[in-house]
Amino acid sequence: MKLKTLAVASTASLAALALLTASGLTLGTAAMHREVTCLFHMVREVRSITELQVNMLFHERESARVALAQHPEHARARDAAEREMKRWLEELRAHPVTADSAHAFREAEAEVERYLATHAQGDSVEPPSTAELAASAMEADRAYAALDRLLSTKIEESRVVRARVDRVLRLSNAMSVGAAVALLAGILATLWQISRCLYRPLLALRAAIDSYGAGSQDARAPHGGLDELREIAVAFNEMAAALAEQRRKQLGILASVAHDLRNPLAALKLTVDRLRPDRPLPPEQQLRPMLARIGKEAARCDRMLTDLMDIARIEGGELELRSEVRDARELAREVVELYRPAATAHELGLSLPEEPVLLRCDPIRIEQVLNNLVANAIKYSPGGGAVRVAVAREGAEVTIAVSDRGVGIAHEDQGRLFERYFRAPSSGRVASGVGLGLWAARRIAEAHGGRIEVTSAPGEGSTFTLHLPG
Ligand code: ADP
């Protein structure tokens with residue numbers, strides 16, 4: 001899993017949980033609001049019905065007083081009660097009702113209207129007859145009964161709404177607890193995931209780096225957690241392995257240099273042993289070759305150490321060029337002459353143009369490159385044969401090609417020849433070496449703005465061509 005994926009997944013799941021919780025709570029609150037509003041209307045309606053009944057009682061009483069006393073004050077009170085009754089009826093009509101209570105309301109309304117119609121026959125001077133009184137009492141009873149039924153319906157509906165409010169409340173509570181638990185679980189799961197994929201692998205990586213820094217070269221980081229951390233662990237492990245390999249090769253180089261230095265030093269020691277101060281000096285004709293040998297072996301040691309120091313300098317990025325204009329023919333000639341005395345089994349040949357081939361370069365570095373190419377040509381032609389150095393000008397370039405008829409290099413190895421420490425298995429068996437010469441040569445050529453190319457066929461020989469800007 002990638003860091004971005006973890007961040008997006010954690011944020012998205014927490015946001016989704018929060019959204020779910022918020023919408024659950026909003027829905028719960030909305031449902032609660034709806035039911036409470038309904039309950040509020042019910043209470044108002046119950047109040048309207050009871051007000052209606054009370055006013056009807058007033059109306060009945062004042063109607064009776066009007067009939068008995070014919071007093072205008074009672075008639076006004078009765079009319080006021082009638083207005084109130086109509087107002088409360090209007091109030092009840094204006095509010096929404098269920099199908100049941102609509103039916104009960106219509107019935108009650110009709111009965112109340114009938115009651116009012118019976119009592120609205122004008123204020124007659126004559127007191128009402130017994131039959132009229134009985135009819136009016138019956139109308140009133142029927143209206144009261146209808147209003148009672150409406151009241152019962154309303155109270156029953158209020159109970160239902162109250163039960164619904166309780167249910168919504170319980171559901172809201174359960175949803176709140178559930179949402180809190182889900183949110184907590186989501187946060188814990190995210191923390192666990194972060195710890196598993198990020199924190200613990202980071203600690204393991206840090207422990208591996210600390211332990212490597214403390215000198216444990218076998219320390220390797222475990223490959224776990226996020227992709228990025230796994231990539232860092234892989235990179236760290238590869239770096240540690242490469243450093244271990246490099247160290248192994250450096251130790252090999254040290255051993256090889258020590259081995260290579262032993263031969264000229266042994267020769268020096270043997271020669272110097274014959275010139276001990278307590279012995280008489282040999283005659284001059286013997287002394288001169290001995291001194292020449294001392295000089296030659298000392299020069300060999302010096303060259304080996306200089307090459308080694310050069311490689312260390314190039315590796316440290318301290319390659320400094322001291323450029324001057326030189327004839328490439330001279331450089332090639334000097335190198336060939338240097339190797340000619342030692343390469344008795346080889347025919348060293350030079351192919352030079354008649355005109356000077358001038359180029360701007362650091363002659364010591366270019367000689368170092370040519371030395372390496374010629375030494376390799378000799379070294380990897382164990383059976384002897386022609387080694388040829390050819391100088392030419394090709395357009396804007398000067399080329400110096402070194403060819404041999406030696407063991408050659410397998411095609412698949414040719415691309416890696418200039419890598420540090422690389423030795424081709426086919427030719428590497430033929431002679432000892434450390435795989436740094438061509439690497440250094442390429443660096444020097446590139447520092448001059450040039451390159452080295454190789455063509456080779458196994459068993460037939462190789463040609464290394466140094467191209468330099470002319
Ligand atoms: P070294 O010779 O010390 O191994 P170099 O960097 O000079 O290191 O060469 C790298 C490798 O290239 C050698 O080990 C050898 O396998 C191959 N090589 C170089 N020159 C030649 C050559 N003329 N013929 C065949 N193989 C060669």
Side-chain angles (χ1 to χ4, degrees), residues 245-246 248-264 300 303-315 319 332 335-336 338-339 342-343 345-351 365-390 399-447 451-467:
E245 177 64 9
Q246 203 164 322
R248 197 183 60 75
K249 283 180 172 161
Q250 278 168 349
L251 288 176
I253 292 172
L254 265 185
S256 161
V257 169
H259 180 266
D260 287 354
L261 274 175
R262 192 183 285 151
N263 292 341
R300 206 169 131 197
R303 206 169 54 239
M304 283 169 71
L305 288 174
T306 311
D307 283 357
L308 207 65
M309 278 161 63
D310 276 349
I311 284 172
R313 227 173 270 141
I314 291 173
E315 207 165 10
L319 183 60
V335 172
V336 169
L338 184 75
Y339 281 91
H346 297 80
E347 299 145 34
L348 257 62
L350 258 173
S351 164
R365 297 287 173 205
I366 295 301
E367 274 185 17
Q368 188 182 341
V369 173
L370 295 180
N371 272 337
N372 182 261
L373 296 183
V374 173
N376 278 354
I378 294 168
K379 199 159 71 166
Y380 296 109
S381 324
V387 171
R388 199 177 134 77
V389 179
T399 60
I400 307 175
V402 180
S403 337
D404 63 65
R405 297 282 175 79
V407 292
I409 304 151
H411 188 258
E412 63 272 20
D413 295 329
Q414 289 177 18
R416 300 192 55 200
L417 286 182
F418 299 94
E419 285 176 21
R420 196 157 48 156
Y421 304 124
F422 181 79
R423 304 202 71 222
S426 50
S427 47
R429 275 191 299 272
V430 174
S432 65
V434 289
L436 280 173
L438 285 183
W439 170 77
R442 190 187 67 172
R443 289 285 179 100
I444 294 171
E446 285 174 353
R451 66 190 187 282
I452 301 178
E453 285 174 357
V454 58
T455 52
S456 182
E460 289 178 22
S462 317
T463 299
F464 286 81
T465 310
L466 170 66
H467 294 255

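Indexing begins at 1, ligand by ligand and atom by atom, following the structure's order. Position 1 is the first residue of the sequence; numbering continues from there. Computation of the quantities below employed the complete heavy-atom set of this structure, encompassing side-chain atoms and omitting hydrogens, waters and symmetry-equivalent molecules.
Although no hydrogens or angles enter the test, the distance criterion places no donor-acceptor pair under 3.5 Å between the side chain of Ser427 and the main chain of Tyr380. At least one donor-acceptor pair under 3.5 Å links the side chain of Lys379 to the backbone N or O of Ser432.
In terms of heavy-atom proximity, Phe418 sits nearest to Leu438 at CD2-O, 3.5 Å. The shortest heavy-atom contact between Ala410 and Pro458 is CA-CG, 3.8 Å.
Listed as neighbours of ligand 1 are Asn372, Asn376, Ala377, Lys379, Tyr380, Asp404, Gly408, Ile409, Leu417, Phe422, Arg423, Ala424, Ser427, Gly428, Gly433, Val434, Gly435, Leu436, Gly437, Leu438, Ser462, Phe464, each bearing a heavy atom under 4.0 Å from the ligand.
Comment: Asp310 engages Arg313 in a salt bridge, judged by a side-chain N to carboxylate O separation of less than 4.0 angstrom. For Glu446 and Arg443, the salt-bridge test fails: no basic side-chain N is under 4.0 Å from an acidic carboxylate O.
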